[in-house]
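Here the structure is a predicted model, which means the values were calculated and not measured. We use all heavy atoms of the structure for the numbers below, so side chains are in, but hydrogens, waters and symmetry mates are not. We count residues from 1, following the sequence as given.
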Amino acid sequence: MFGLTDFQRAFNLLSGKLIRWMQQLILLLPNLLIAVVILTVTYFAAKMARRFIVRFLPRVSHSVTLNNLVATIAHVGVLLIGIFFTLEVLSLDKTVTSLLAGVGIIGLALGFAFQDIAANFISGIIIAIQRPFTVGDVIQTESYFGTIESINLRTLDLRQVTGELVRVPNRKVFESSVINYTVTTQRRVDVECGVTYDSDLERVREVVLACMQGFPEMLTNRPLEVMFTGFGDSAINFTLRFWIPYRRQVDYVGAKSEAILRIKRAFDAAGIVIPFPIRTLDISPELLEQVSRKLTRPQTPPEPAARPEQSAE
């Protein structure tokens with residue numbers, strides 16, 4: 001049975017612990033007030049740091065995504081510093097050490113688990129800082145060609161010339177070779193063609209150069225060239241090369257199409273022939289004799305179909 005003496009002993013033990021806790025709370029009260037002050041100051045300092053970065057950083061960087069990332073990191077960093085100081089004031093050093101160790105272990109585990117995401121994230125930060133291309137540029141990677149619509153910290157949105165929107169991971173863009181066609185604002189157009197072997201090549205060059213006179217938006221400060229490139233199976237091949245101002249892919253495609261139309265009209269007027277592909281068939285004499293027999297064998301006319309007998313009514 002639980003007697004009065006046991007109840008009194010338990011009450012005394014509980015009251016003693018409560019009294020000691022109250023005494024420790026009273027002794028810790030100044031530190032608690034200081035901790036509250038530190039947290040309050042830290043909160044406002046974090047807000048001021050974020051506001052300052054949001055206002056100042058656009059003068060240096062034009063990447064909105066990168067600016068928001070730096071502001072968020074600064075805000076969280078100031079808050080963490082204030083929390084660590086608060087724990088230090090409350091004599092919770094072991095708690096601070098445990099938190100740092102736990103953060104390190106968790107960060108290491110997350111790094112192994114999400115290494116691809118981390119690689120894309122870091123690549124996005126480097127791309128945002130270096131800015132090798134911007135929104136609206138026409139680029140070509142190892143697999144895709146199109147216009148950049150947006151640059152994020154994890155992916156790059158690329159609108160292909162055929163209309164598809166491709167989200168390319170930043171790591172692949174960062175690690176692969178990228179051609180930016182918009183940087184120089186000029187591009188060379190190469191048009192390949194061929195003429196028959198009996199053509200006068202000097203005449204061919206004159207006709208091609210003459211048909212390109214007055215070409216719309218062709219850059220006159222860059223050379224207009226007709227280069228013969230080799231002897232083909234059925235033609236002597238040449239390449240017409242000229243330069244145009246480049247803003248969009250349709251500028252390049254349209255200029256190439258117009259050049260092909262001009263060359264074809266000029267060749268038709270000058271009597272210059274663009275040959276068809278020629279193929280040579282090697283037939284054995286035995287096979288040729290069999291084909292000849294089948295062609296010369298007289299054909300027997302087909303027998304007329306028998307008429308059905310009409311039944312007497």
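In summary, the side chains of Arg262 and Gln213 do not present any donor paired with an acceptor at a separation below 3.5 Å, with no hydrogens or angles considered. For Asn170 and Ser123, the side-chain atoms include no donor-acceptor pair closer than 3.5 Å.
Under the side chain to side chain donor-acceptor pair (under 3.5 Å) rule, Glu225 has a single partner from Arg188, Arg205, Arg241, which is Arg241.
Met48 CE: 12 or fewer foreign heavy atoms inside a 6.0 Å radius. Within a 6.0 Å sphere centred on OH of Tyr197, heavy atoms belonging to other residues, nucleotides or ligands number more than 12. By the 6.0 Å contact criterion, CD on Glu192 is open, its count of non-hydrogen atoms from other residues, nucleotides or ligands being 12 or less. Enclosure of atom CG in Asp233 is not indicated, since only 12 or fewer non-hydrogen atoms of other residues, nucleotides or ligands lie within 6.0 angstrom. At most 12 heavy atoms of other shown residues, nucleotides or ligands fall within 6.0 angstrom of atom CZ in Arg154. At most 12 heavy atoms of other shown residues, nucleotides or ligands fall within 6.0 angstrom of atom CZ in Arg248. The 12-atom threshold is not exceeded at OH of Tyr144, counting heavy atoms of other residues, nucleotides or ligands nearer than 6.0 Å. In Phe228, the CZ atom is crowded: over 12 heavy atoms of neighbouring residues, nucleotides or ligands sit closer than 6.0 Å.
For Phe242 and Phe215, the gap between ring centers is short of 6.0 Å. Ring-centre distance between Tyr181 and Phe145: below the 6.0 Å cut-off.
In this structure, CD in Gln160 is found 9.5 Å from OG in Ser143, a value given to the nearest 0.5 Å. Considering OG1 of Thr182 and CD1 of Ile139, their distance stands at 9.0 Å, rounded to 0.5 Å. A distance of 11.5 Å separates CD1 of Ile244 from CD of Glu258, quoted to the nearest 0.5 Å. Note that the CD1 atom of Ile272 and the SG atom of Cys193 stand 9.5 Å from one another [nearest 0.5 Å]. The CD1 atom of Ile83 sits 8.0 Å away from atom OG1 of Thr42, with the distance rounded to the nearest 0.5 Å.
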* To do: Take Arg131 and Thr134 through the side chain to side chain contact (heavy atoms under 4.5 Å, CB included) test and state the conclusion after the steps.
  => CA-CA 7 Å; Arg131 299 186 67 196; Thr134 59; 3.2 Å; yes

message = One pair to check against side chain to side chain contact (heavy atoms under 4.5 Å, CB included): Leu240 and Asp190. What are the steps and the verdict?
response = CA-CA 6 Å; Leu240 168 66; Asp190 294 354; over 6 Å; no

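Salt bridge Asp157/Arg167: present, at least one basic N to carboxylate O contact under 4.0 Å. The pair Glu217-Arg247 meets the salt-bridge criterion, since a charged nitrogen lies less than 4.0 angstrom from a carboxylate oxygen.
No single ILVMFWY cluster, assembled from side-chain heavy atoms under 4.5 Å apart, contains both Met227 and Met212.
Looking at heavy atoms from C-beta onward, Phe133 lies in side-chain contact with Ile127 at the 4.5 angstrom threshold.
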